[in-house]
Amino acid sequence: MPKSLNSNFFSRPADVVAAELLGKVLCRKLDGKILRARIVETEAYFGEDDPASRASKGENKVSKMMREKAGKILIYNVHRFKMLNFVTGSEGEPSAVLIRAIEPLNFKARTAGPGLLTSALKIDDSFHGKHQHIDNLLWVEDEENKENLKVERSFRIGVREDLNIPLRFYIKENKFVSKISKK
DNA sequence: CATATGATGGACT
DNA sequence: GTCCATCATATGG
């Protein structure tokens, strides 16, 4: 039986967590069924030194949650889409990982993008601030079959001003990875 | 196949 | 009013 990831997994630097989340299985309980999907694309966000991070823009709803305990769920919206993030790092240090794309394992939906996957899994503001395995509604399971994972990294997508380091991680040649890419 | 553009709504100043 | 870590559609090769 695969086990749910615990806080220790998330209380490491955001880039480490983002890289290791690839291939893990995101689970969502919905209408009595459990939807399972492989995580295929993530991005790491840091604190005040990261111009793309909302934590660099002073105190607000997002930066506050990024300082919370690792493993908590952070939801915010861009236009009408919800973004799913997990808080990472040590408490007090703002950092988080954005889930950008997933590959459905036992259901069919369009999930090749951060706004699409939250809509497919019916994830909304009610998850904001919850710990990832509380309520058994949304959690991440470890995955044993990681031998064939080909991890690539690139600069982040859609950000106005990126850091000098690539902080986007994705599985090579996976067709559920979102398309639009710059640099 | 590629790149460009407009719609969209919540949070913040 | 401005910003934004998006998406769907339209257009051109």
Side-chain angles (χ1 to χ4, degrees), chain A residues 10 12-22 24 26 28 35 37-68 70-89 93-104 107-130 132 138 140 151-183:
Chain A
F10 291 97
R12 293 178 294 162
D15 52 345
V16 176
V17 177
E20 293 198 16
L21 270 178
L22 294 177
K24 304 270 191 260
L26 182 69
R28 166 75 163 113
L35 305 180
R38 185 187 312 277
I39 297 173
V40 298
E41 184 180 357
T42 60
E43 281 179 4
Y45 286 85
F46 293 106
E48 293 159 14
D49 297 333
D50 182 353
S53 171
R54 291 168 118 107
S56 72
K57 308 215 160 64
E59 189 73 15
N60 56 57
K61 182 182 163 190
V62 175
S63 65
K64 194 174 175 184
M65 187 58 63
M66 285 174 79
R67 270 191 288 275
E68 288 279 336
K72 283 198 173 188
I73 296 165
L74 162 59
I75 306 287
Y76 67 91
N77 64 293
V78 172
H79 304 292
R80 75 178 186 286
F81 304 103
K82 308 294 177 188
M83 302 290 128
L84 172 63
N85 303 251
F86 291 112
V87 177
T88 61
E93 294 285 327
S95 72
V97 171
L98 165 68
I99 309 299
R100 281 196 59 85
I102 58 178
E103 173 186 358
F107 63 103
K108 295 248 189 285
R110 303 190 50 217
T111 55
L116 294 176
L117 74 89
T118 51
S119 140
L121 296 182
K122 301 211 172 8
I123 292 170
D124 58 28
D125 295 329
S126 65
F127 287 91
H128 186 70
K130 295 200 174 184
Q132 56 107 8
L138 183 69
V140 182
V151 175
E152 292 275 299
R153 59 189 296 172
S154 78
F155 290 96
R156 290 175 292 190
I157 289 182
V159 300
R160 206 168 197 70
E161 195 183 354
D162 205 348
L163 285 173
N164 240 351
I165 337 159
L167 286 173
R168 170 177 173 248
F169 302 84
Y170 60 99
I171 296 179
K172 194 177 180 179
E173 289 161 9
N174 185 294
K175 65 176 180 176
F176 291 94
V177 172
S178 66
K179 258 318 187 189
I180 317 142
S181 170
K182 69 179 185 184
K183 279 203 174 180

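Below, chain A is the first sequence line, B the second, and so on; all start at residue 1. All heavy atoms count here, side chains included; hydrogens, waters and symmetry mates do not.
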*Report yes or no: does A/Asp162 contribute a side-chain atom to a donor-acceptor pair with the main-chain N or O of A/Arg160 at less than 3.5 Å?*
no
_Check whether A/Arg168 reaches the backbone of A/Arg100 with its side chain - one donor and one acceptor, N or O, closer than 3.5 Å._
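Absent.
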I need the [atom1]-[atom2] distance between [X] and [N], as an integer number of Å.
X: A/Lys57; N: B/dT13; atom1: NZ; atom2: P; answer: 12 Å
X: A/Met83; N: B/dT8; atom1: CE; atom2: C1'; answer: 12 Å
X: A/Ile157; N: C/dC4; atom1: CD1; atom2: C1'; answer: 15 Å
X: A/Asp124; N: B/dG10; atom1: CG; atom2: P; answer: 13 Å
X: A/Ile123; N: C/dT6; atom1: CD1; atom2: P; answer: 16 Å
X: A/His79; N: B/dC12; atom1: NE2; atom2: P; answer: 16 Å
X: A/Leu74; N: B/dG10; atom1: CG; atom2: C1'; answer: 15 Å
X: A/Asn60; N: B/dA11; atom1: CG; atom2: C1'; answer: 8 Å

*asked:* Let me spell it out: for each of A/Pro51 and A/Arg80, pick the nucleotide of DNA chain C with the closest heavy atom. Which residue's pick is nearer the 5' end?
replied: A/Pro51
*With a distance cut-off below 6.0 Å to the six-membered ring centre and an angular limit of 45° from the axis, does A/Arg110 pair with A/Phe176 as a cation-pi contact?*
no
*With DNA chain B as reference, determine whether A/Phe81 or A/Asp125 sits nearer its 5' end, using the nearest nucleotide of each.*
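Counting from the 5' end, the first nearest nucleotide belongs to A/Phe81.
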*Any luck finding a side-chain donor-acceptor pair between A/Ser63 and A/Arg54 under 3.5 Å?*
no
*Please determine, by modelled atom types, if A/Ser178 and A/Glu41 share a side-chain donor-acceptor pair under 3.5 angstrom.*
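Note: A/Ser178 and A/Glu41 side chains meet the donor-acceptor criterion.
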*Look at A/Arg100 and C/dT6 and indicate whether a side-chain polar atom (N or O) is within less than 4.0 Å of OP1 or OP2.*
yes
*asked:* Would you say A/Arg54 places a side-chain N or O within less than 4.0 Å of OP1 or OP2 belonging to B/dC12?
replied: no
*asked:* Going by the rule side-chain contact (heavy atoms from CB on, under 4.5 Å), which residues pair with A/Leu84 if we only count those two or more places apart in sequence or in a different chain?
replied: A/Leu26, A/Ile73, A/Ile75, A/Ile99, A/Leu117, A/Thr118, A/Ile123, A/Leu138
*From C/dC4, C/dT6, B/dT8, pick the nucleotide closest to the side chain of A/Arg160?*
C/dC4
*Please tell me which of the listed nucleotides, B/dC12, C/dC7, C/dC4, lies nearest to the side chain of A/Val78?*
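So the side chain of A/Val78 is nearest to C/dC4.
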_For DNA chain C, please output the secondary structure as dot-bracket, reading 5' to 3'. Pairs are Watson-Crick or G-U wobble, both atom distances under 3.5 Å; mark crossing pairs with [ ], other-strand partners with |, unpaired with a dot._
||||.|||||||.
_Lys/Arg-Asp/Glu bridge criterion (N-O < 4.0 Å) met for A/Arg12, A/Glu20_ = yes
